[in-house]
Amino acid sequence: MKYWWISIIIIAMAALMVVCAWLLRKSRKASMITLFVVSFALLIFKSIQFGIERSIHHYPIEFSHMSYFILGATMTVGVKKLRPFAGLCAFISGLAFVLAGIFSPAPIYEDAENTFNWVSGIIQHEVLLFAGLVIIFNTDRYSIKDIWIPIVGIVIMFIFSVLVYKRIIYPDLADKNHDSMIIIYVLYGTILKYVLPAGTEVAVWLRVITIIVEVILLGAILWAFYFINNKFYDKKIKKYPEFVGNNEEYSAIALVKFLIKKVNDKKAAKAVSADLTQVEGEDKEENKSE
């Protein structure tokens with residue numbers, strides 16, 4: 001394997017991400033703050049990057065591209081119901097990249113236009129893996145009743161990708177990016193082309209089997225996400241009692257709520273102060289009349 005050293009880098013970084021997530025296991029507060037900072041940084045960086053790359057007709061069309069914005073927007077704004085979906089997207093994107101990097105590292109290097117692109121690409125995907133792990137293990141207990149949210153979200157992502165592929169959305173999308181949409185390979189069952197000899201045509205029957213396996217795998221991942229989250233959360237609150245009840249949120253919504261509370265507290269304090277002043281004034285008037 002020509003680029004085996006890239007596989008080593010990816011494996012080493014993935015191990016580092018797992019260790020970092022594990023180190024945060026005792027503190028929900030530290031996990032939430034770290035998630036907010038990481039997600040906000042990714043959101044800003046990817047917004048600037050794709051804003052610049054519009055000039056070369058490169059848009060956020062891949063599953064991982066969308067995961068950056070879903071994670072970034074969810075954690076920055078603070079939509080709690082979408083957190084499992086954001087965590088799932090981040091984890092799938094990160095894990096898929098790690099597996100692809102292990103078994104087929106060449107495209108990561110050869111498709112990159114320069115050193116910065118493949119290095120930053122590895123770092124960004126590994127950060128997605130880290131964020132997914134933290135959301136699964138270090139934040140909250142998610143109800144499987146809400147499993148419909150990630151299902152609907154993933155379906156919307158697939159529909160969006162098909163519309164892009166049909167050039168209904170982003171009709172000026174660069175051919176290089178249009179012809180290499182991994183999410184389309186997944187949808188059409190041709191993802192096996194990455195492990196088959198170059199130029200091999202994926203037979204129809206093999207594509208059908210691949211799609212069936214993908215659907216089963218996605219269902220298993222969704223179920224495992226909630227099952228593992230619930231199991232580890234229940235164990236966590238037994239081992240670290242201080243973890244339960246620690247429900248701090250660090251987001252735009254949390255900031256707005258905090259500011260509103262501060263304003264209301266200030267108004268209430270002024271009202272109490274005014275009432276006390278009025279009472280004191282009335283007492284003085286009564287004393288004078290006596």
Side-chain angles (χ1 to χ4, degrees), residues 6-7 9-11 13-18 20-21 34-35 38-47 49-50 53 58-76 79 82-105 107-108 111-112 117-139 142 149-162 164-165 177 180-187 191 194 214-215 217-222 224-226 228-229:
I6 290 183
S7 297
I9 292 173
I10 289 173
I11 292 171
M13 285 200 65
L16 177 63
M17 295 300 100
V18 172
C20 289
T34 303
L35 265 177
V38 166
S39 302
F40 182 70
L42 274 178
L43 180 62
I44 297 300
F45 178 78
K46 299 307 290 187
S47 296
Q49 181 185 31
F50 281 112
E53 291 182 352
H58 185 203
Y59 303 96
I61 58 173
E62 293 289 2
F63 190 90
S64 60
H65 295 167
M66 291 180 269
S67 295
Y68 292 123
F69 292 100
I70 292 169
L71 174 70
T74 298
M75 296 308 302
T76 299
V79 185
L82 287 180
R83 193 177 295 157
F85 175 49
L88 187 66
C89 288
F91 179 74
I92 290 176
S93 297
L95 182 61
F97 178 84
V98 170
L99 294 176
I102 293 173
F103 295 106
S104 183
I108 294 173
D111 293 348
N117 281 357
W118 71 261
V119 171
S120 64
I122 291 176
I123 293 173
Q124 292 164 49
H125 282 88
E126 296 281 6
V127 169
L128 282 178
L129 177 64
F130 166 77
L133 290 170
V134 174
I135 289 175
I136 295 171
F137 296 107
N138 295 355
T139 53
Y142 306 118
I149 296 176
I151 290 175
V152 170
I154 290 172
V155 169
I156 291 173
M157 292 170 75
F158 283 151
I159 292 172
F160 170 81
S161 298
V162 171
V164 170
Y165 188 67
N177 305 115
S180 62
M181 292 178 65
I182 296 176
I183 195 168
I184 292 297
Y185 296 150
V186 171
L187 276 172
I191 192 68
Y194 279 105
E214 288 170 350
V215 171
L217 183 61
L218 179 59
I221 290 173
L222 285 168
F225 177 91
Y226 287 93
I228 293 172
N229 164 263

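Below, each value reflects all heavy atoms present in this structure, side chains not excepted, and no hydrogens, waters or symmetry copies.
A heavy-atom distance below 4.5 Å is found between the side chains of Glu126 and Leu129. Between His58 and His65, some side-chain heavy-atom pair lies under the 4.5 Å cut-off. Taking the side chain as every heavy atom from C-beta outward, Tyr68 and Ser47 never approach each other to under 4.5 Å. Residues Ile70 and Leu82 have side chains not in contact (no heavy-atom distance under 4.5 Å, counting atoms from C-beta outward).
Across all non-hydrogen atoms, the minimal contact from Glu62 to Ser180 is OE2-O, 3.0 Å. Taking each heavy atom of Leu71 and Ala86 in turn, the nearest pair found is CA-CB, 3.9 Å. Between Ser161 and Ile61, the closest heavy-atom pair is OG-O, 3.8 Å. Closest heavy-atom contact between Ser64 and Leu128: O-CD1, 4.2 Å. Residues Phe160 and Pro60 share a closest heavy-atom pair of CE2-O, 3.8 Å.
Evaluation of the side-chain contact (heavy atoms from CB on, under 4.5 Å) rule for Ala73 yields no partner, not counting sequence neighbours. Remark: Tyr59 pairs with Asp172 by the side-chain hydrogen bond (donor to acceptor under 3.5 Å, both in side chains) rule, at least two apart or across chains. By the side-chain contact (heavy atoms from CB on, under 4.5 Å) test, Phe40 pairs with Ile44, Thr76, sequence neighbours left out. The side-chain contact (heavy atoms from CB on, under 4.5 Å) test applied to Thr34 returns Leu24, Val38, Phe130, not counting sequence neighbours.
The distance from atom OH of Tyr226 to atom CD1 of Ile136, rounded to the nearest 0.5 Å, is 11.0 Å. Atom CD1 in Ile9 sits 10.5 Å away from atom CD1 in Ile11 (nearest 0.5 Å). Ile108 CD1 to Ser7 OG: the interatomic distance, rounded to the nearest 0.5 Å, is 7.5 Å. Note that the CG atom of Asn138 and the CG atom of Asn229 stand 10.5 Å from one another [nearest 0.5 Å]. Annotation: the span from Ile10 atom CD1 to Ile102 atom CD1 amounts to 7.5 Å, rounded to 0.5 Å. Distance check, rounded to the nearest 0.5 Å: CG of Leu133 to CE of Met17 gives 9.5 Å.
Checking side-chain atoms of Gln124 against main-chain N and O of Ser120 turns up a donor-acceptor pair under 3.5 Å. Panel note: side chain Ser67, backbone Phe63; a donor-acceptor pair is recorded below 3.5 Å.
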Could you pull out all donor-acceptor pairs under 3.5 Å where a side-chain atom in residues 149-157 meets a protein atom, sequence neighbours excluded?
none

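In this structure, His125 and Phe97 have parallel ring planes: the angle between them is below the 30° cut-off, well short of the 60° mark. The aromatic rings of Tyr142 and Phe225 sit parallel, their planes meeting at an angle under 30°, below the 60° perpendicular limit.
Among Val164, Val186, Val162, Leu187, the one residue that satisfies the side chain to side chain contact (heavy atoms under 4.5 Å, CB included) test with Met181 is Val164.
Listed by first and then second residue, the side chain to side chain donor-acceptor pair (under 3.5 Å) pairs that reach into residues 82-91 are Arg83-Asp140, Arg83-Glu249, sequence neighbours excluded.
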